[in-house]
Amino acid sequence: MKLIICLDDNNGMSFNKRRQTRDIKMREHLYKKLNGNRLLISPYSEKLYSGYENVLVSDNYLEIAQENDYILSEIDDITDILDKCEGLIVYYWHRSYPSDFKVSIPNSFKIINSEDFSGKSHNQISYVEYKNEQY
């Protein structure tokens with residue numbers, strides 16, 4: 001399984017149990033990268049992904065992921081599942097936002113792909129794909 005998160009310049013992911021920002025171009029980019037694989041999300045993210053196919057909304061989305069699934073986490077603590085993921089996809093906003101939950105990417109994750117693109121509300125968004133070398 002691969003975990004997807006969005007981070008600001010300070011590795012902040014969320015603030016007061018809310019996403020920092022959202023961008024439709026990021027969601028479109030993400031959906032293309034799924035290549036038909038299932039995306040698991042929390043009910044919190046459902047409104048943003050309601051028009052996409054092969055999206056499963058579940059309160060326990062972090063626990064039910066299977067081998068080829070992608071998991072998008074916007075506000076939940078991912079610390080316990082990071083080491084269980086074979087891959088990590090990070091969208092970097094290139095801005096600083098208030099945050100009270102920050103993510104530290106473990107050393108076992110190595111960059112295997114990256115690209116920049118323009119968002120709707122962000123001049124630049126970076127897509128960075130990591131592989132967990134433990135797998």
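Closest non-hydrogen pair, S99 versus Q20, comes out as CB-NE2, 3.3 Å. The two residues S96 and N10 have their closest heavy-atom pair at OG-ND2, 3.4 Å. Residue S126 comes nearest to Q124 through the heavy atom pair OG-NE2, 3.8 Å, listed as atom of the first residue, atom of the second, then distance. Across L3 and C85, no two heavy atoms sit closer than the pair CB-SG, 3.8 Å. For Q66 against M1, the heavy-atom pair with the smallest separation is O-CB, 3.5 Å. Nearest approach of N132 to D83, heavy atoms of both residues: ND2-O, 3.6 Å.
Within a 6.0 Å radius of NZ in K110, more than 12 heavy atoms belonging to other residues, nucleotides or ligands are found. Crowding of N60 atom CG: a count of heavy atoms from other residues, nucleotides or ligands under 6.0 Å exceeding 12. Remark: D80 CG is loosely packed, at most 12 non-hydrogen atoms of other residues, nucleotides or ligands lying under 6.0 Å away. Within 6.0 Å of atom NZ in K25, 12 or fewer heavy atoms from other residues, nucleotides or ligands are found, so the atom counts as exposed in its surroundings. For E115, the CD atom sits in a packed shell: over 12 heavy atoms of surrounding residues, nucleotides or ligands are nearer than 6.0 Å.
Within the 4.5 Å cutoff, no side-chain heavy atoms of Y70 are placed close to those of L40. No side-chain heavy atom of R27 sits under 4.5 Å from any side-chain heavy atom of D23. Put simply, the side chain of Y91 reaches to within 4.5 Å of the side chain of H29, judged on heavy atoms. Proximity of N68 to R38: side-chain heavy atoms (C-beta onward) are nowhere separated by under 4.5 Å.
With F109 as the aromatic partner, K131 does not meet the cation-pi criteria of under 6.0 angstrom to the ring centre and within 45 degrees of the ring axis.
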* To do: Please step through side-chain hydrogen bond (donor to acceptor under 3.5 Å, both in side chains) for the pair Y127 and E129, ending with a clear verdict.
  => CA-CA 7 Å; Y127 163 91; E129 186 175 356; 2.9 Å; yes
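Tested against M13 for a side-chain contact (heavy atoms from CB on, under 4.5 Å), the candidates I5, D8, V90 yield a single pass: I5. For the side-chain contact (heavy atoms from CB on, under 4.5 Å) test with E74, the passing option among I41, I4, L48 is L48; the others fail. With S14 as reference, D100 is the one residue of D100, V103, D76 to meet the side-chain contact (heavy atoms from CB on, under 4.5 Å) rule.
By the criterion of side-chain heavy atoms lying less than 4.5 angstrom apart, applied directly or through intervening Ile, Leu, Val, Met, Phe, Trp or Tyr residues, L39 is not grouped with I75; the two fall into different hydrophobic clusters.
Y31 places a side-chain N or O within donor-acceptor distance of the main-chain N or O of E53, the cut-off being under 3.5 Å.
Interatomic distance, L7 CG to F101 CZ, rounded to the nearest 0.5 Å: 9.5 Å.
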